[in-house]
Visitor: 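Got a structure here, written out as structure tokens. Questions coming.
First the proteins, then the strands, lettered A, B, ... as listed; each starts at 1. None of these values were measured; they are calculated from a predicted model. The analysis underlying the following values was restricted to heavy atoms, covering all of them including side chains, and did not include hydrogens, waters or symmetry mates.
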Amino acid sequence: MTSTDLRPAGTAGDMTPALEARGLTKHFPVHNAGVRGRGAVVHAVENVSLSLPRGGITAVVGESGSGKSTLTRLLARLIKPTAGDILLDGAKVAGRSRRGYANDVQMVLQDPFSSLNPVHDIQYHLARPLKVHGLSDYGRSLDGAIASLLNRVSLTPPGRFTSKFPHELSGGQRQRVAIARALAVRPRILLADEPVSMLDVSIRLGILNLLAGLRERDGLTILYVTHDIASARYLADVIAVMYGGQIIESGAAATVTDEPAHPYTQLLLSAAPDPDRTEPPSLLGRGSPPSLVRPPSGCRFHPRCPHAMAICATDAPPVVEVAPGHSGACWLHSTDRTPAQSRPLAQEEQAHTTLAQADGAGPAAAADQNPSTPEEPGAET
Amino acid sequence: MSDSLIEVTGLCVDYGTGDTAVHAVIDADLTLRRGEVLGLAGESGSGKSTLAYAITRLLRSPGVITGGQVILRRDAEPAVPLLAAGERELRGLRWNHIAVVLQSAMNALNPVMMIGTQLTDVLTAHRPEMSRADRRSRAAELLDMVGITADRLRSYPHELSGGMRQRVMIAMALALDPRVVIMDEPTTALDVVTQREILEELSRLRDRLGFAVLFITHDLSLLVEIADRIAVMYAGRLSEQAGARELFRSPRHPYSHGLLNSFPSLHGPRRAMEGIPGSPPDLREPPAGCPFHPRCGYAMDVCRTDMPPRFTLNGGGRSAACWLQDGTHEVPAELGSVGSGGDDPPVPPRSFAGETAPAATAAPVAEAGGQA
């Protein structure tokens with residue numbers, strides 16, 4: 001397999017990224033796959049390399065099943081990678097203690113309605129990490145530490161919130177508590193998995209601006225995982241787009257959205273809601289993401305790709321730097337192919353590949369798209 | 001107004017009764033016109049789904065309709081006051097005239113029945129005169145209409161992707177060729193590409209079959225693209241109604257303005273945006289006066305005490321419930337100027353055809369909070 005080395009260009013002065021994934025791969029075993037499917041795995045994340053520059057905000061954009069949440073959980077070390085390395089400040093983390101790692105890398109989850117414990121008040125939620133991690137250097141009192149945390153997430157005055165229970169807070173306030181809890185151990189890196197998708201539209205920007213402020217004031221390094229490419233463009237310095245478990249494009253946020261290099265990014269942009277649009281968009285490459293139990297050969301997007309060539313069906317595309325700091329994994333940008341390989345993939349061939357997959361995978365193909373199927377833990381819910 | 005299909009006037013819905021009742025929909029006026037897509041935008045708890053359930057009389061206890069009128073107009077048949085209709089009459093109207101598509105297609109289909117059986121069940125119940133073969137072929141035709149091949153008739157819901165299941169729900173809603181389809185967040189749980197495909201399908205079907213759609217969603221940026229007109233709801237009240245493009249270009253209510261500025265753009269220079277400060281109000285203790293005033297950057301004294309009535313603007317083409325638009329206040333540039341009304345290029349959406357325009361540019365059309 002060709003390496004998909006899609007590390008975004010660093011933005012900070014120090015070139016060592018705060019957190020880095022090298023060739024990260026995660027395969028989940030498929031249970032109940034039948035005799036024929038024994039040993040089958042879901043290729044949830046495949047050979048992903050990504051670096052989070054110090055003090056930068058990196059967005060990972062993808063649809064459900066693209067592997068973005070699995071990548072986040074790998075980076076949080078909640079699950080073990082099948083292959084590949086995670087590097088914190090340039091040093092491999094494998095084998096080092098999880099608790100020490102959690103001091104540096106914290107995670108904010110999607111759903112503030114279920115990530116807080118309904119039977120405990122806010123004071124408890126924020127005191128817990130301070131006690132667990134034995135952080136005494138917060139000043140004399142626990143209360144003072146908690147007040148300063150609430151101040152940081154703009155839940156002011158703190159006294160009004162400490163004794164409240166999660167159900168007494170709005171969704172936005174709950175997400176702020178969740179962020180405060182993540183900040184309690186004073187991490188340097190925050191992994192935010194869809195932090196605003198469950199919130200009301202009018203308060204989403206408040207949370208995004210809070211994250212931007214944390215980066216600005218405290219130099220926090222942030223990974224922002226989302227399906228909403230417009231919000232990624234708003235918040236992040238760098239956008240990495242995932243499809244079928246791989247990063248297929250990365251670059252400066254405005255560049256990726258203004259001049260997308262990969263056909264899938266183009267599709268994603270044309271499908272996104274856009275009030276400025278005057279005409280209905282034309283969707284090139286419609287369809288659904290592939291089965292990750294039997295991913296398509298070559299480029300995983302080729303069965304849907306409007307520009308698919310012969311080579312796309314056979315060889316995984318190289319990562320090509322289309323402009324400084326902007327790279328895409330697509331054969332269109334590579335000259336390293338023969339004329340025969342460059343002939344457009346006939347529609348029948350394309351359709352055939354798609355069909356073969358659908359048939360081959362049978363019900364599993366449908367199950368892949370069912371977020372509640374336990375067979376694919378990588379899917380969003 | 002012969003052009004209208006559903007006329008809602010002064011509709012009020014409470015949850016619970018007595019002093020503890022929560023006013024979920026307050027004095028709603030809304031007209032759905034023939035063949036149009038009317039967008040109903042609002043955040044969670046704004047009352048948009050409650051409004052839809054009240055219109056279709058699907059509201060469950062403890063929801064109570066406490067006032068107002070809903071008239072369903074039909075071709076060559078007498079108009080029906082839906083709120084006064086009996087169960088029997090409603091059963092004849094639902095699905096035949098008004099169909100509903102719900103948000104969670106995942107749960108709306110029966111997991112142990114084949115898609116085809118679920119489609120033919122509708123026909124068995126509502127078209128008993130059809131033969132089995134006819135029902136079968138109609139079911140296949142319906143699936144074909146939403147871009148699913150007939151061999152899927154024998155599939156179970158779990159064998160279909162989320163997008164396909166939502167397509168089946170749409171096919172099912174269209175089974176009896178209704179004039180009105182009410183869709184409550186029909187694409188919210190889907191990925192953007194799937195969402196876009198379904199919206200395309202929907203607009204194709206609308207052009208072909210001519211039904212009208214009440215499209216309920218929290219995603220105002222999407223509505224601007226797909227709806228003919230948009231009604232914005234906040235805290236149980238319709239705060240603004242306007243043509244989709246007009247609303248996008250020049251919102252007249254501070255809430256619509258704030259909401260539109262909560263969606264980062266895909267184009268142009270990246271700039272910091274503020275969204276709307278604060279959170280939506282708790283409807284158990286709604287603020288006095290205009291429910292939006294605690295979050296409103298333009299709030300005046302009157303907003304804190306008195307609920308603004310709906311002011312019609314632009315000769316009746318649109319309305320906003322905001323004191324700024326009463327004709328006596330200086331209107332900030334970003335919320336349009338009432339006096340001239342000329343900053344809007346004349347956008348005559350096809351659906352406005354039957355409107356008789358009142359002479360005044362700004363006239364209260366309803367006393368606020370009468371029943372509330």
Side-chain angles (χ1 to χ4, degrees), chain A residues 62-66 169-173 199-209 212 227-235 253-254 257-258 264 267-278 280-283 285-289 304 362-363 365-373 380, chain B residues 41-46 106 155-165 189-197 199-200 203 218-226 234 244-245 248-249 255 258-280 282 295:
Chain A
E63 295 182 275
S64 13
S66 64
L169 304 181
S170 70
Q173 289 170 335
L199 304 179
D200 268 326
V201 172
S202 74
I203 47 184
R204 287 183 188 172
L205 272 184
I207 298 292
L208 293 183
N209 288 341
H227 67 279
D228 177 8
I229 196 164
S231 73
R233 184 185 195 268
Y234 175 75
L235 181 67
T257 52
D258 294 355
Y264 175 67
L267 171 68
L268 211 51
L269 283 162
S270 66
D274 180 5
D276 293 317
R277 199 175 276 143
T278 48
S282 48
L283 292 186
R286 54 188 64 235
S288 320
R304 296 168 68 183
D368 267 358
Q369 288 154 2
N370 185 351
S372 59
T373 310
E380 322 293 314
Chain B
E43 300 179 87
S44 42
S46 64
M106 323 276 167
S155 295
Y156 287 92
H158 76 270
E159 296 174 303
L160 305 181
S161 66
M164 283 171 105
R165 270 177 277 180
L190 306 173
D191 276 324
V192 281
V193 177
T194 317
Q195 161 172 291
R196 181 64 66 180
E197 285 171 359
L199 294 177
E200 275 179 7
S203 104
H218 66 282
D219 192 342
L220 187 54
S221 66
L222 185 70
L223 273 189
V224 170
E225 270 191 79
I226 62 160
Y234 186 77
R245 285 280 135 197
F248 175 60
R249 269 199 293 255
Y255 176 61
L259 209 51
L260 285 165
N261 277 293
S262 298
F263 293 95
S265 174
L266 279 170
H267 315 278
R270 297 199 297 165
R271 58 186 179 89
M273 298 166 78
E274 286 310 318
I276 305 177
S279 325
D282 182 350
R295 305 174 73 189

Visitor: I'd like to verify something: which residue of B:T194, B:V224, B:I226, B:D219 has the highest number of heavy-atom pairs under 4.5 Å with chain A?
Guide: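 Between B:T194, B:V224, B:I226, B:D219, the count favours B:V224.
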Visitor: Where do B:F248 and A:P275 come nearest, in terms of heavy atoms and distance?
Guide: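 Looking at all heavy atoms of both residues, the closest pair is CE1-CB, 3.3 Å.
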Visitor: Is the shortest side-chain heavy-atom distance between A:R304 and B:V193 below 4.5 Å?
Guide: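 Side chain of A:R304 against side chain of B:V193, heavy atoms only: contact under 4.5 Å found.
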Visitor: Measure the OG-CD distance between A:S282 and B:E200 for me, rounded to the nearest 0.5 Å.
Guide: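 Going from the OG atom of A:S282 to the CD atom of B:E200 covers 8.5 Å.
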Visitor: How long is the straight-line distance from CG of B:L266 back to CG of A:D276, given to the nearest 0.5 Å?
Guide: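 The CG atom of B:L266 is 8.5 Å from CG of A:D276, to the nearest 0.5 Å.
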Visitor: side-chain hydrogen bond (donor to acceptor under 3.5 Å, both in side chains) with A:D200: which of B:S279, B:S262, B:S46, B:S44?
Guide: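 Single side-chain hydrogen bond (donor to acceptor under 3.5 Å, both in side chains) partner of A:D200 among B:S279, B:S262, B:S46, B:S44: B:S44.
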Visitor: Can you tell me how far the CZ atom of B:R196 sits from the CG atom of A:L267, to the nearest 0.5 Å?
Guide: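 One finds 10.5 Å between CZ of B:R196 and CG of A:L267.
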Visitor: So B:P264 and A:R233, do their side chains get closer than 4.5 Å, heavy atoms only?
Guide: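 No. Closest side-chain heavy atoms not under 4.5 Å.
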Visitor: Using non-hydrogen atoms and a 4.5 Å limit, figure out which bit of B:R295 sits close to chain A: side chain, backbone, both or neither.
Guide: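 The side chain, not the backbone.
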Visitor: Are the side chains of A:S288 and B:M164 in contact, using a 4.5 Å heavy-atom criterion?
Guide: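 Not touching, per the 4.5 Å side-chain cut-off.
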Visitor: Look at B:G268, B:P277, B:G278, B:P269 and state which one has the largest set of heavy-atom pairs under 4.5 Å with chain A.
Guide: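 Going by pairs under 4.5 Å, I would pick B:G268.
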Visitor: Chain A heavy atoms under 4.5 Å from B:S265: which part of the residue, side chain, backbone, both or neither?
Guide: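 Contact with chain A is through both the backbone and side chain of B:S265.
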Visitor: Which heavy atom in A:L235 sits nearest to a heavy atom in B:R270, and how many Å separate them?
Guide: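 Closest pair (atom of A:L235, atom of B:R270, distance): C-NH1, 4.3 Å.
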Visitor: Please round to the nearest 0.5 Å and tell me the distance separating atom CE of B:M273 and atom CG of A:N209.
Guide: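 Rounded to the nearest 0.5 Å, the CE-CG separation comes to 9.5 Å.
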Visitor: Heavy-atom pairs under 4.5 Å with chain B are the metric here; pick the option from A:G171, A:A272, A:P281, A:S170 that has the most.
Guide: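 That would be A:P281.
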Visitor: May I ask you to decide if A:R286's main-chain N or O and B:E197's side chain share a donor-acceptor pair within less than 3.5 Å?
Guide: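 Absent.
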Visitor: I'd like to verify something: which residue of A:G206, A:A212, A:S202 has the highest number of heavy-atom pairs under 4.5 Å with chain B?
Guide: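 Going by pairs under 4.5 Å, I would pick A:S202.
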